[in-house]
There are 2 protein chains.
Amino acid sequence: MYGSVDNMNDHQILATAKLRATTQRLAMLKEMRKIHGPFTVERLHKMCRSMDVVTVYRNIKSLVAVGVMREVRLKDASLRYEFSPGEETHHHHAVCNSCGYIEELSECKMHSLFSQQTSKKFKSIDEHVLEFFGTCNSCSKK
Amino acid sequence: MYGSVDNMNDHQILATAKLRATTQRLAMLKEMRKIHGPFTVERLHKMCRSMDVVTVYRNIKSLVAVGVMREVRLKDASLRYEFSPGEETHHHHAVCNSCGYIEELSECKMHSLFSQQTSKKFKSIDEHVLEFFGTCNSCSKK
DNA sequence: TTTTAATTGCAAGTCACTTGCATGTATGGT
DNA sequence: ACCATACATGCAAGTGACTTGCAATTAAAA
Ligand SMILES: [Mn+2]
Ligand SMILES: [Mn+2]
Ligand SMILES: [Zn+2]
Ligand SMILES: [Zn+2]
């Protein structure tokens with residue numbers, strides 16, 4: 001659908017997605033590139049103070065719709081987002097229940113491993129969620 | 001902590017949980033036993049029309065707190081609940097993206113299989129979520 | 001029974017978004 | 001470069017799914 005975010009600049013991403021290159025969208029993309037791991041709209045908005053939160057919500061939604069970003073639902077109230085990895089780098093996360101540290105886990109093999117175990121009642125499985133929660137090393141020594 | 005819901009009656013469950021056996025709680029437990037799979041508060045409240053939704057929310061929360069019920073977060077807006085299976089029958093679900101049919105999958109082996117793959121950055125993994133989404137057989141032939 | 005702390009119902013509040021609408025602006029056509 | 005206009009933005013108001021405050025009930029201990 002679109003090239004990876006790594007080998008396209010922000011204008012190209014927006015053009016490919018048929019989204020206008022507004023000041024706000026360019027600012028958002030610039031800030032998002034600085035974040036590692038799934039972030040909340042609140043966090044991104046703090047980094048893009050000049051625009052309204054509604055604009056952040058709407059643009060993130062557009063980016064999800066065109067496949068540039070994807071939603072990540074962890075155990076907190078707000079949805080998180082991250083650049084959509086290609087099929088090759090589809091992955092999951094490990095979240096520390098104590099400090100909130102999020103680790104990006106390596107490539108996911110769930111689909112191939114488990115699509116068959118989902119019984120005879122399903123014709124196909126095309127999505128899954130898998131997230132781990134625990135205690136990170138630094139939290140375990142306190 | 002408490003015996004399985006299968007071999008305890010509703011009064012016993014509440015007594016063990018140190019929760020008063022109110023008309024509302026007894027009605028909720030009675031109705032919940034009729035439901036298979038994770039249900040929403042809205043659905044349970046429709047089956048317990050005589051009480052306020054707030055009471056349903058509060059009591060479900062108490063039951064989760066004492067380990068009788070557990071939360072299940074699928075892709076829809078509302079949380080769902082089901083009787084908490086013992087460690088032995090911890091399991092996950094497959095949800096049809098078309099009709100919403102939910103299948104109870106067999107026992108989960110995620111923890112043993114994947115706790116080690118979560119890198120050297122985590123001391124322990126004590127929770128995980130795993131849910132599948134796809135198309136069920138009956139929806140695939142329409 | 002009487003006492004008392006737990007529980008309930010109703011109303012109001014909160015949180016994370018979502019929508020309506022008037023104003024502003026990026027882009028395609030001239 | 002200029003225009004036209006469909007797309008975007010900001011502000012305010014609206015939603016949906018809970019959560020909380022509080023006075024009135026009620027289960028169950030004394
Ligand atoms: Mn990630
Ligand atoms: Mn289940
Ligand atoms: Zn930690
Ligand atoms: Zn179906």
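Worth knowing before you read on, the calculation uses all heavy atoms, side chains too, and leaves out hydrogens, waters and symmetry mates.
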Rounding to an integer number of Å, can you tell me how far Glu71(A) CD sits from dC17(C) C1'? 11 Å
Count the heavy atoms belonging to other residues, nucleotides or ligands that lie under 6.0 Å from NZ of Lys61(A), then report whether that count exceeds 12. no
Does a donor on one side chain and an acceptor on the other come within less than 3.5 Å for Glu131(A) and His93(A)? yes
Length of the OH-C1' vector between Tyr57(B) and dG9(C), whole Å: 15 Å
Lys/Arg N to Asp/Glu carboxylate O, Arg70(A) vs Glu82(A), below 4.0 Å: yes
Can you give the first and last nucleotides of DNA chain D, 5' to 3', that have an atom under 4.0 Å from a heavy atom of chain B? dA17(D) to dA28(D)
Roughly how many Å is it from CE in Met51(B) to P in dT7(C), rounded to a whole number? 14 Å
Assign Glu42(A) to base, sugar-phosphate, or nothing according to its heavy-atom contacts below 4.0 angstrom with the strands shown. nothing
Please tell me if Arg25(B) has a side-chain N or O lying less than 4.0 Å from either OP1 or OP2 of dT7(C). yes
Using 30° and 60° as the class boundaries, would you call the ring planes of His90(B) and His128(B) parallel, tilted or perpendicular? perpendicular
Rounded to whole Å, the CG-P distance (Leu26(A) to dT25(C)) equals 15 Å
Note: for Thr55(A) and Arg20(B) on DNA chain D, the residue whose nearest nucleotide lies more 5' is Thr55(A)
Does a salt bridge link Asp10(A) with Arg25(A), judged by any charged N lying under 4.0 Å from a carboxylate O? no
For the pair made of CG in Leu79(B) and C1' in dC15(C), what is the distance, rounded to whole Å? 14 Å
Between C1' on dT27(C) and NE2 on His11(A), what's the gap in Å once rounded to a whole number? 12 Å
Rounded to 10°, the angle between the first-five-pair and last-five-pair axes of the helix from dT1(C)-dA30(D) to dT30(C)-dA1(D) is 30°
Residue mapping more 5' on DNA chain D - nearest nucleotide basis, Val56(A) or Ser78(B): Val56(A)
Should the heavy atoms of other residues, nucleotides or ligands under 6.0 Å from CD of Glu42(B) be counted, would the total exceed 12? no
Establish, with yes or no, whether the OP1 or OP2 oxygen of dG9(C) is under 4.0 angstrom from a side-chain nitrogen or oxygen of Gln24(B). yes
Aromatic Tyr101(B) / basic Lys121(A) pairing, under 6.0 angstrom, 45° off normal: no
Might you point out which heavy atoms bring His45(A) and Asp52(A) nearest each other, and give the distance in Å? NE2-C, 3.9 Å
How many Å lie between NE2 on His45(A) and P on dA16(C), as a whole number? 14 Å
Distance check needed: dC17(C) P versus Asp52(A) CG, whole Å only. 15 Å
Give a yes or no on this: more than 12 heavy atoms of other residues, nucleotides or ligands lie within 6.0 Å of atom NE2 of His11(A). no
Any donor-acceptor pair under 3.5 Å joining the side chain of Arg58(B) to the base of dG9(C)? yes
